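Only one structure is covered here, and it is reproduced in the block below.
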Amino acid sequence: MAAPPSLAGFVDTHTHLDLIMKRMKGFAGESPATTDANAWYTSFKSALPKEQMFEKAITVGCSVDTFDAVENFIQNQDDVYGAFGIHPLNAADWSDETEARIKSIFERNPAKAVAWGECGLDYHYCDEPEEKSKQRDVFVRQLDIAAELGLPLVVHTREAEEDTLALMSEHLPRDQRIHVHCFTSSVSMAKSLLDLFPTNLCIGFTGVITFKNASGVRDVVAEVPLDRILLETDGPYMAPTPFRGKVAHPGHVYYVAQKVSEVKGVPLEEVLATCRANTTRVYGI
C-alpha cells in the first residue's frame with residue numbers, strides 16, 4: 001500500500017551498506033572498487049519506492065576491514081552518515097593503532113562521522129573467560145572515548161545484560177547520547193537502560209519485530225515510549241516480513257515503522273515523525 005505523501009521521511013539509523021552491496025551483487029572477498037560502490041548506491045537508492053520517503057542512512061564500520069568502505073560512502077553520498085568503532089566479536093582487532101585510526105576518521109569527516117560504535121558485549125559465541133575479559137576491556141575503552149569526545153554511542157549487547165549495564169553505568173554520563181541497537185533483550189533490560197540514561201538513550205528495533213516468533217521483542221516495543229525508539233534495519237541481516245530470506249536494506253525501515261505503529265496502536269505518521277525527531281536528538285542529523 002502506498003504511503004500518504006504527508007508522512008515524514010525516515011532514517012535507517014543502523015545499517016551496513018558495504019555488506020548489503022556485497023550480498024546484492026554477489027561479491028566475494030575484497031570490496032569492489034570505490035567507483036563501483038558509489039554507482040551501486042545511486043542505483044539502489046533510485047529503485048526505492050518514492051512514496052515511502054527514505055531520507056538518510058547511518059552505515060556502520062565495526063571492524064578494521066570495513067573502515068575504508070564505510071568512509072567512502074560517507075564522503076561520496078550526501079545522505080549517508082557513518083559510525084565507527086570495534087564490534088565485540090572483533091575485540092581482537094583493538095590496539096592503540098586501531099584507536100588512532102578510528103579517531104583520524106572522525107577528524108577527517110567532522111560532519112559525516114556521527115557516532116562511535118558499534119561496540120559492546122556479545123557472549124553468545126564467547127565461552128572463554130579470557131575472551132569475555134577482552135570484550136569488556138575494549139568496550140570500556142570505547143565508552144570512555146565516546147564520553148570524552150562527546151560523541152553519540154552505538155551499543156551492541158547480547159546475552160551480557162548485567163555486564164553491559166554495569167559498565168555503561170560506571171563509564172558514561174547520564175545524559176550521554178546512546179543508541180542501543182537491534183534490541184532483542186528483555187523488557188526489564190530495556191527499562192533499566194531507560195532509567196539509567198533518562199534523556200538521550202534510545203532503543204533501536206529492526207525487522208525482528210515483524211517475525212512470527214518474536215513476541216517477546218514486540219512486548220518490549222509496547223513498553224518503550226515512542227520518544228525513546230529508533231528505527232533501523234541492521235541490514236543485510238534480518239529482513240522484515242514479508243522479505244524474510246532476502247537482503248535487508250534501508251528501504252525496509254518503513255516496514256519496521258508499520259509494525260511499531262501496529263504494536264503501539266498509534267498512527268504510522270506519528271511513529272515516523274517521532275522517530276525522526278529521536279534520530280535528530282541522538283545523532284544530530
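Note that the structure is predicted; figures quoted are calculated from it, not measured. Side chains included, hydrogens not; waters and symmetry mates left out as well; all remaining heavy atoms used. Numbers here are sequence positions counted from 1.
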Item to check | Pair Lys259 + Glu262: basic N to acidic O under 4.0 Å | outcome: yes

Checklist outcome for this item: Closest heavy-atom pair, Asp234 versus Cys182, reported as atoms and distance to 0.1 Å, is OD2-SG, 4.0 Å

Checklist entry - Donor-acceptor pair, Ser192 side chain versus Ser188 backbone, under 3.5 Å? => result yes

Next on the checklist: Side chains of Phe73 and Lys112, heavy atoms from C-beta outward: is any pair under 4.5 Å?
Outcome noted: no

Item to check | Chi angles and distances behind the salt bridge (charged side-chain N to carboxylate O under 4.0 Å, His left out) call for Asp163, Lys132 | outcome: CA-CA 10 Å; Asp163 285 352; Lys132 292 182 179 180; over 6 Å; no

Checklist entry - Step by step, would you call Arg276 with Glu55 a salt bridge (charged side-chain N to carboxylate O under 4.0 Å, His left out)? => result CA-CA 10 Å; Arg276 183 64 184 87; Glu55 185 184 346; 2.8 Å; yes

Checklist entry - Can you check side chain to side chain contact (heavy atoms under 4.5 Å, CB included) on Lys191 and Val187, steps first, answer last? => result CA-CA 6 Å; Lys191 288 183 174 179; Val187 169; 3.7 Å; yes

Checklist entry - Looking only at heavy atoms, which two atoms of Ser185 and Val220 are closest? And how far apart? => result O-CG2, 3.5 Å

Next on the checklist: Quick check on the hydrophobic clustering: are Val155 and Leu194 connected, directly or via other members, by side-chain heavy-atom contacts under 4.5 Å?
Outcome noted: yes

Checklist entry - Are Trp116 and Val70 connected in the hydrophobic side-chain network, where two residues link if heavy atoms are under 4.5 Å apart? => result yes

Item to check | Pairwise side-chain contact, Phe205 with Val224, heavy-atom cut-off 4.5 Å (strictly under) | outcome: yes

Checklist entry - Can Val180 be reached from Val260 by stepping across I, L, V, M, F, W or Y side chains whose heavy atoms are under 4.5 Å apart? => result yes

Next on the checklist: Strictly distance-based, threshold 3.5 Å: is any side-chain N or O of Thr42 a donor or acceptor partner for the main-chain N or O of Asn38?
Outcome noted: yes

Next on the checklist: Please enumerate all residues that pass ring pair (Phe, Tyr, Trp, His ring centres under 6.0 Å) together with Tyr237, with sequence neighbours excluded.
Outcome noted: none

Checklist entry - Quick one: are Leu165 and Leu193 in side-chain contact, heavy atoms under 4.5 Å? => result yes

Checklist outcome for this item: Nearest heavy-atom contact between Gly61 and Thr66 is CA-OG1, 3.4 Å

Checklist entry - Would a 4.5 Å heavy-atom cut-off, applied to side chains only, mark Asn200 and Arg281 as touching? => result yes

Checklist entry - Under 3.5 Å, side chain of Thr15 to main-chain N/O of Thr233, donor-acceptor pair present? => result no

Next on the checklist: Working to the nearest 0.5 angstrom, can you tell me the gap between Asp93 CG and Thr98 OG1?
Outcome noted: 6.0 Å

Next on the checklist: Is it the case that atom CG in Asp195 sees more than 12 heavy atoms from other parts of the structure closer than 6.0 Å?
Outcome noted: yes

Next on the checklist: Could you walk me through whether Phe10 and Val256 satisfy the side chain to side chain contact (heavy atoms under 4.5 Å, CB included) test, starting with their C-alpha distance in whole Å, then the side-chain angles of each, then the deciding distance to 0.1 Å, before giving a yes or no?
Outcome noted: CA-CA 11 Å; Phe10 63 79; Val256 179; over 6 Å; no

Item to check | Spacing of Phe54 atom CZ and Asp12 atom CG [to the nearest 0.5 Å] | outcome: 7.0 Å

Next on the checklist: Taking Ala92's backbone N and O only, do any of them form a donor-acceptor pair with Lys134's side chain (distance below 3.5 Å, no angle check)?
Outcome noted: no

Item to check | Heavy-atom check, side chain of Ile58 versus side chain of Ile285, under 4.5 Å | outcome: yes

Checklist entry - Any sub-3.5 Å donor-acceptor pair from Ser169's side-chain atoms to Ala166's backbone N or O? => result no

Item to check | Leu226 vs Cys275 side-chain heavy atoms within contact, under 4.5 Å | outcome: yes

Item to check | Nearest heavy atoms of Thr184 and Val217, plus distance in Å | outcome: CA-CG2, 4.1 Å

Checklist entry - Sub-3.5 Å donor-acceptor pair from the side chain of Arg228 to the main-chain atoms of Leu201, do we have one? => result yes

Checklist entry - For the atom pair OG (Ser186) and CD (Glu223), what is the distance rounded to the nearest 0.5 Å? => result 11.5 Å

Next on the checklist: Once side-chain contact (heavy atoms from CB on, under 4.5 Å) is applied, do any residues pair with Asp144, and if so which ones, sequence neighbours excluded?
Outcome noted: Val140, Arg141, His171

Next on the checklist: I need the Thr274 OG1 to Glu269 CD distance, nearest 0.5 Å.
Outcome noted: 11.0 Å

Checklist entry - Would the number of heavy atoms belonging to other residues, nucleotides or ligands and lying under 6.0 Å from NZ of Lys212 be above 12? => result no

Item to check | Atom pair OH/SG of Tyr123 and Cys126 - distance to nearest 0.5 Å | outcome: 7.0 Å

Next on the checklist: Under a 4.0 Å threshold between the charged nitrogen and the carboxylate oxygen, would Lys103 count as salt-bridged to Glu99?
Outcome noted: yes

Checklist entry - Where do Lys25 and Asp36 come nearest, in terms of heavy atoms and distance? => result NZ-OD2, 3.2 Å

Checklist entry - Pick one: which of His252, Met238, His14 meets side chain to side chain contact (heavy atoms under 4.5 Å, CB included) with Glu232? => result His14

Next on the checklist: Pair Arg244, Phe211 - check side chain to side chain contact (heavy atoms under 4.5 Å, CB included), show working.
Outcome noted: CA-CA 9 Å; Arg244 292 294 303 275; Phe211 296 178; 3.2 Å; yes

Item to check | Arg177 side chain vs Cys202 backbone, donor-acceptor pair below 3.5 Å | outcome: no

Checklist entry - Pick from Thr164, Asp122, Val60: which one makes a side chain to side chain contact (heavy atoms under 4.5 Å, CB included) with His156? => result Asp122

Checklist entry - Tyr41 pairs by side-chain hydrogen bond (donor to acceptor under 3.5 Å, both in side chains) with which of Asn72, Thr59, Asp79? => result Asp79

Checklist entry - Would Phe67 and Ile102 count as a side chain to side chain contact (heavy atoms under 4.5 Å, CB included) if you check the C-alpha gap in whole Å, the side-chain angles of each, and the deciding distance to 0.1 Å? => result CA-CA 8 Å; Phe67 293 159; Ile102 299 171; 3.7 Å; yes

Checklist entry - How would you list, by chain and number, every residue that makes a side-chain contact (heavy atoms from CB on, under 4.5 Å) with Pro110, sequence neighbours excluded? => result none

Checklist entry - Taking C-beta and beyond as the side chain, do Leu121 and Leu167 meet within less than 4.5 Å on heavy atoms? => result yes

Next on the checklist: Closer than 3.5 angstrom, by distance alone: can the side chain of Ser133 be matched with the main-chain N or O of Pro129 as a donor-acceptor pair?
Outcome noted: no

Item to check | Distance-only side-chain donor-acceptor flag, Ser46 / Ser43, under 3.5 Å | outcome: no

Checklist entry - Heavy-atom distance under 4.5 Å between the side chains of Met168 and Ile178, does that happen here? => result yes

Checklist entry - Is there a path of hydrophobic side-chain contacts, each under 4.5 Å between heavy atoms of I, L, V, M, F, W or Y residues, that connects Tyr81 with Val154? => result yes

Checklist entry - Would you call Arg108-Glu71 a salt bridge at under 4.0 Å N-O? => result yes

Checklist entry - With hydrophobic residues grouped by side-chain heavy-atom distances under 4.5 Å, do Ile20 and Val208 end up in a single group? => result yes

Checklist entry - Which distance, rounded to the nearest 0.5 Å, do you find between the CD1 of Ile145 and the CZ of Phe106? => result 9.5 Å

Checklist entry - Where the side chain of Asn278 meets the backbone of Ile229, is there a donor-acceptor pair that is under 3.5 Å apart? => result yes

Next on the checklist: Please give me the minimum heavy-atom distance between Cys62 and Asn90, naming the atom from each residue.
Outcome noted: O-ND2, 3.0 Å

